[in-house]
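Reviewing the structure listed below.
Convention: sequence-line order gives letters A, B, ...; per-chain numbering from 1.
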Amino acid sequence: MEPVSYTAQWTAAARCLETERDSGGLFKDPYARDLAGPRGFELLKKYQGGGVSEYIAIRTRYIDDAVSAVLFSDRVDQVVLVASGMDARCYRLPWPEHITVYELDHSALLAEKHARLSRLRANPAVNVIEVGVDLAQDWLTTLCDHGFDTDTSTLWVVEGLLFFLTEDQAGILLDTMAAASAAGSKLAVDLTSASLLRHPMTQDFLDALRADGTPWCFGTDDPAAFLHDHGWSITDLKQPGEPGAGQGRWPYRVHPTEIAGVPRNWLARATRSHRRRTPGLDYVPPDHP
Amino acid sequence: MPQSVTTALGDVKNWILSKHPERTDIPDDLDVIETRLVDSLSFVEFVFVIEQASGREIDTESLNLDQLRTLRAIERSFFR
């Protein structure tokens, strides 16, 4: 698998720990332990500290809540899990009957996840279509070839991905999603901050990620502006520890956004801006995943 | 060490201990960053506590982490 695919196991390991808490867990992912091997727990231990495990748990619950809120209150018929990794939401969340979920990721990772879940006799709770792609290539055409409809409202889930991209790549991804989104489409996403990438205390963590072939490249201190520039209007923005984003579970003080220089992460929900770009006209595939 | 410095540095030590109830003491030469008693996300509050205790503003942009690694280094850098 690609190096970045191992980070999906890391995420699954963090979800496993959260699931196996004695009390106060934010969610239950009964498949996480089986999806975390072979490297997830090793990476979790290697990168412990700095709230990484807590962040993944809080982010998972935030996205779970966002998915449920959109599906049961908005008119959305399709969901795309972009770089879905070892995400088991299709197997563990309740889904309305009319929904189709497209899981986008490297083919090898999707096949591995599928095989593991099959061995567990896990059945998806929704119509799932796995779409093997390289997000550095023209993934939208492949997605459409699998039945994705650009004239139907969509919920896009982009979890734990954007920091692995460059700013240009992240912008192009969001542009492409916006261009492929009918009116009423939604986005649930997380981002890190530019201040986190610059901070002297995070450099050892970032160096280790770089050495493992999975560098964090992009963060922004103004997520609303970044998303706006790429076709999405923020409807909810949280830092971990705030109400609705793991309040009581975040072991750190939450610093107001106006305090500059604080390493932080962002959890956001957005809706497609009114301006709709024409698919294909301004799409340029990024050079790297 | 004058009593006031000892007390002020004690505020810093007590803050670290409050975050790690499993510990009973912080030796003056213990690297609190290497041991992850202070990490990237608690760092902002850590600096704030030192500022409050020392009465000195700390410019994090030009900060050398070695000034903050141990209670002894903190005392030398900000309490003299």
Quiz prompt | Nearest heavy atoms of B:Val38 and A:Met201, plus distance in Å | solution =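 Reported closest heavy-atom pair: O-CE, 3.7 Å.
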
- If you count the non-hydrogen atoms of other residues, nucleotides and ligands that lie under 6.0 Å from CD in A:Gln203, is the total more than 12?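 Yes, CD of A:Gln203 has more than 12 neighbouring heavy atoms, counting only those of other groups under 6.0 Å.
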
- Task: Kindly indicate whether the side chain of A:Trp250, heavy atoms from C-beta on, has any atom under 4.5 Å from the side chain of B:Leu41.
- Result: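 A:Trp250 vs B:Leu41: side chains touch.
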
Measure the spacing between CG of A:Asp204 and CD1 of B:Ile33 and express it to the nearest 0.5 Å.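 Between atom CG of A:Asp204 and atom CD1 of B:Ile33 there are 9.5 Å.
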
Output a table of donor-acceptor pairs, distance under 3.5 Å, between side-chain atoms of residues 30-38 of chain A and any protein atom two or more places apart or on a different chain; print 'none' if there are none.
from	atom 1	to	atom 2	distance (Å)
A:Arg33	NE	A:Glu20	OE2	2.9
A:Arg33	NH2	A:Glu20	OE1	2.9

* To do: Write out, in numerical order, the residues from residues 251-260 of chain A with a heavy atom short of 4.5 Å from a heavy atom in chain B.
  =>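 If one takes a 4.5 Å heavy-atom cut-off, the residues of residues 251-260 of chain A near chain B are A:Tyr252, A:Arg253, A:His255.
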
**Residues of residues 46-55 of chain A within contact distance of chain B, non-hydrogen under 4.5 Å** =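 Only A:Lys46, A:Gln48, A:Gly49, A:Gly50, A:Gly51 of residues 46-55 of chain A have a heavy atom under 4.5 Å from chain B.
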
task = Check side chain to side chain contact (heavy atoms under 4.5 Å, CB included) between A:Asp221 and all other residues, then give those that pass, not counting sequence neighbours.
result =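 Per chain and number, A:Asp221 pairs via side chain to side chain contact (heavy atoms under 4.5 Å, CB included) with A:Ser193, A:Ala194, A:Ser195, A:Arg198.
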
